[in-house]
Trainee: 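Submitted below is the structure of interest, expressed as structure tokens.
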Amino acid sequence: MHEEATRRLEIAAALRDAIDHDELVVYFQPIVDVSSGRTLGAETLVRWQNPERGWLEPSEFIPVAEATSLVVPLGRWVLLDACRKVQEWKERGIAADSFYISINLSAHHLQDPDVVHDVTAALELSGLSAAALVLEVTESALIEDLTKAGSTLATLKCLGLRIAVDDFGTGYSSLSYLSNFPIDVIKLDKSFIDGVATTAEGETMARAVLALAHTLGLTAIAEGVEDAEQARTLEHLGCHIAQGFFFARPMPAGEMAALLEHQSRIFGKRVSHTRS
Ligand code: C2E
Ligand code: MG
Ligand code: MG
């Protein structure tokens with residue numbers, strides 16, 4: 001226990017420096033139209049290139065960042081860096097007008113008094129339109145302080161961006177927040193996707209969640225799609241947008257730009273995608 005506590009303290013101290021010294025790197029994972037394979041948007045997933053420890057995955061430092069409130073400056077940094085990169089891709093004409101970026105917003109950051117300012121600043125400094133931004137929040141972030149979360153989300157929505165519920169189905173909250181909060185997208189957790197093509201129960205669960213999303217007029221995105229059978233079944237169930245290793249792994253900005261450039265030659269620059 002003592003060793004673990006020491007390790008967390010070391011990580012917290014090093015993370016503080018990492019944010020100031022550009023050791024964090026934003027990776028992008030395509031969010032894809034299942035039938036055409038076209039990239040509609042991307043999720044940002046942070047990585048840490050630590051001089052002593054090498055590459056660190058979020059699971060190794062996001063929990064420490066959450067526990068120490070460092071997740072707020074980290075989130076601010078990711079917001080600005082990602083918005084700048086996406087705006088650059090749009091200006092270069094390789095990202096479609098409708099291309100969007102989906103950014104994880106921690107529970108801490110959602111409750112921070114400066115969160116609206118941070119999002120506004122990232123949009124203004126980068127020049128990115130709010131319509132190209134989706135903020136991902138988890139169910140647990142929403143239920144921590146229902147009234148405050150609701151009013152913050154409403155203020156953020158007024159900027160013109162969209163709100164997604166991440167890891168949908170893993171929380172244990174009542175579903176009433178779905179109709180009370182200004183939510184646009186639900187991201188079906190990987191646990192719903194794992195059995196979708198192999199067990200009757202898995203398919204039934206996914207079907208029920210998708211019916212709920214569609215009834216409420218929400219866009220459903222499947223997370224963690226790992227094979228063709230899952231993709232096919234999801235399409236069949238009416239889930240047309242997905243993300244997962246089957247389509248693409250998270251990649252650095254340069255690779256993401258190359259992928260968008262390639263796709264813009266195949267599909268053209270403009271696309272309007274309204275299906276949910
Ligand atoms: P998440 O937001 O639910 O992100 C999806 C995670 O699933 C990512 O893990 C991604 O690499 C992984 N994934 C995507 N497709 C597949 C698949 O087909 N199979 C499997 N097994 N995994 C897949 P990652 O990058 O390790 O991130 C883990 C979590 O860390 C994220 O979960 C998110 O909660 C958090 N995180 C990542 N970046 C940030 C950030 O910038 N800010 C905050 N606050 N949290 C972040
Ligand atoms: Mg996410
Ligand atoms: Mg998720």
Side-chain angles (χ1 to χ4, degrees), residues 11 15 18-19 23-32 34 39 41-49 55-86 100-112 115 118-119 122 133-142 144 162-171 183-197 209 219-231 234 241-253 255-256:
I11 289 190
L15 186 56
I19 299 169
E23 288 174 19
L24 298 181
V25 182
V26 173
Y27 270 44
F28 297 83
Q29 186 179 33
I31 297 172
V32 171
V34 179
T39 299
E43 177 175 2
T44 55
L45 294 160
V46 71
R47 305 285 181 262
W48 178 8
Q49 194 176 20
W55 281 93
L56 298 178
E57 298 286 316
S59 59
E60 295 170 84
F61 62 91
I62 291 284
V64 177
E66 289 269 8
T68 54
S69 299
L70 279 170
V71 77
V72 174
L74 179 147
R76 203 176 282 139
W77 182 87
V78 170
L79 263 170
L80 183 56
D81 189 71
C83 289
R84 279 190 165 137
K85 290 205 165 78
V86 173
Y100 58 88
I101 190 72
S102 203
I103 301 182
N104 293 291
L105 191 71
S106 67
H108 248 99
H109 207 168
L110 184 66
Q111 282 161 17
D112 192 276
V115 66
D118 290 345
V119 173
L133 178 61
V134 178
L135 293 177
E136 298 189 7
V137 293
T138 57
E139 286 174 331
S140 47
L142 295 179
E144 242 167 64
R162 281 167 288 168
I163 307 288
V165 179
D166 201 359
D167 306 337
F168 180 79
T170 56
I183 287 158
D184 306 278
V185 177
I186 59 174
K187 299 191 75 175
L188 261 73
D189 189 67
K190 185 176 179 306
S191 53
F192 284 109
I193 311 306
D194 286 341
V196 77
V209 179
T219 298
I221 300 181
E223 284 194 291
V225 177
E226 291 185 343
D227 61 51
E229 204 49 45
Q230 291 171 345
L234 285 162
I241 310 180
Q243 192 181 338
F245 295 170
F246 173 62
F247 301 102
R249 287 185 176 254
M251 59 186 87
E255 270 177 46
M256 186 72 212

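When a ligand or atom number is given, it counts from 1 through the structure's own listing order.
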Trainee: In this structure, which one of Glu223, Lys190, Gln29 forms a side chain to side chain donor-acceptor pair (under 3.5 Å) with Gln243?
Mentor: Gln29

Trainee: Mind checking whether Val225 contacts ligand 1 via backbone (N, CA, C, O), side chain (CB onward), both or neither, at a 4.0 Å heavy-atom cut-off?
Mentor: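 It is the backbone that touches ligand 1; the side chain stays farther off.
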
Trainee: Would Glu43 count as a polar contact of ligand 1, with the cut-off being nitrogen or oxygen pairs under 3.5 Å?
Mentor: yes

Trainee: If you measure from each heavy atom of Lys187 to ligand 1, is any distance below 4.0 Å?
Mentor: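 Under 4.0 Å: no for Lys187.
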
Trainee: Given that the side chain starts at C-beta and the backbone is N, CA, C, O, which of these parts of Arg47 lies under 4.0 Å from ligand 1, counting heavy atoms, or is it both or neither?
Mentor: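 Answer for Arg47: side chain.
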
Trainee: Got the closest protein heavy atom to atom 35 (C) of ligand 1, with its distance?
Mentor: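 Here the nearest protein heavy atom works out to Pro58 CB, 4.2 Å.
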
Trainee: Ignoring angles and geometry beyond distance, decide whether Glu226 reaches within less than 3.5 Å of ligand 1 through its nitrogen or oxygen atoms.
Mentor: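 Indeed, backbone or side chain, Glu226 has an N or O that close.
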
Trainee: Which heavy atom of the protein is the closest neighbour of atom 40 (C) of ligand 1, given with residue, atom name and distance?
Mentor: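 Here the closest protein heavy atom is Val46 CG1, 3.8 Å.
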
Trainee: Pick one of side chain, backbone, both or neither for how Glu223 approaches ligand 1, counting any non-hydrogen atom pair under 4.0 Å.
Mentor: side chain

Trainee: Does Gly224 come within less than 4.0 angstrom of ligand 1, counting non-hydrogen atoms of the residue?
Mentor: yes

Trainee: Taking heavy atoms and a distance under 4.0 Å, where does Leu45 meet ligand 1: side chain, backbone, both or neither?
Mentor: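 Under 4.0 Å from ligand 1, Leu45 contributes backbone and side-chain atoms.
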
Trainee: Is Pro250 close enough to touch ligand 1? Criterion: a residue heavy atom under 4.0 Å from a ligand atom.
Mentor: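 Contact check Pro250 vs ligand 1: positive.
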
Trainee: Between Arg249 and ligand 1, find which residue part has any heavy-atom pair under 4.0 Å and reply side chain, backbone, both or neither.
Mentor: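 Answer for Arg249: neither.
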
Trainee: Hey, does His109 sit under 4.0 Å from ligand 1 if you only count heavy atoms?
Mentor: no

Trainee: Just heavy atoms, cut-off under 4.0 Å: does Asp166 contact ligand 1 by side chain, backbone, both, or neither?
Mentor: side chain

Trainee: Test of understanding: given a 4.0 Å heavy-atom threshold, classify the contact between Val78 and ligand 1 as side chain, backbone, both, or neither.
Mentor: side chain

Trainee: Taking 2.8 Å as the upper limit, name the protein N, O or S atoms near the Mg ion (ligand 2).
Mentor: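 The answer is Glu43 OE2, Asn104 OD1, Glu136 OE1, Asp166 OD2.
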
Trainee: Do any nitrogen or oxygen atoms of Asn104 lie less than 3.5 angstrom from nitrogen or oxygen atoms of ligand 1?
Mentor: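 Min N/O separation from ligand 1 is below 3.5 Å for Asn104.
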
Trainee: How close does the nearest protein non-hydrogen atom get to atom 15 (N) of ligand 1, and which residue and atom is it?
Mentor: Gln29 NE2, 3.1 Å

Trainee: Any heavy-atom pair between the side chains of Val185 and Ile163 that's under 4.5 Å?
Mentor: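 In short, these two side chains do not touch, never coming nearer than 4.5 Å.
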
Trainee: Got the closest protein heavy atom to atom 3 (O) of ligand 1, with its distance?
Mentor: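 Its nearest protein heavy-atom neighbour is Asp167 OD1, 3.0 Å.
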
Trainee: Report the nearest protein non-hydrogen atom to atom 16 (C) of ligand 1: residue, atom name, distance rounded to 0.1 Å.
Mentor: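 Nearest protein contact, heavy atoms only, for atom 16 (C) of ligand 1 is Phe245 CE2, 3.2 Å.
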
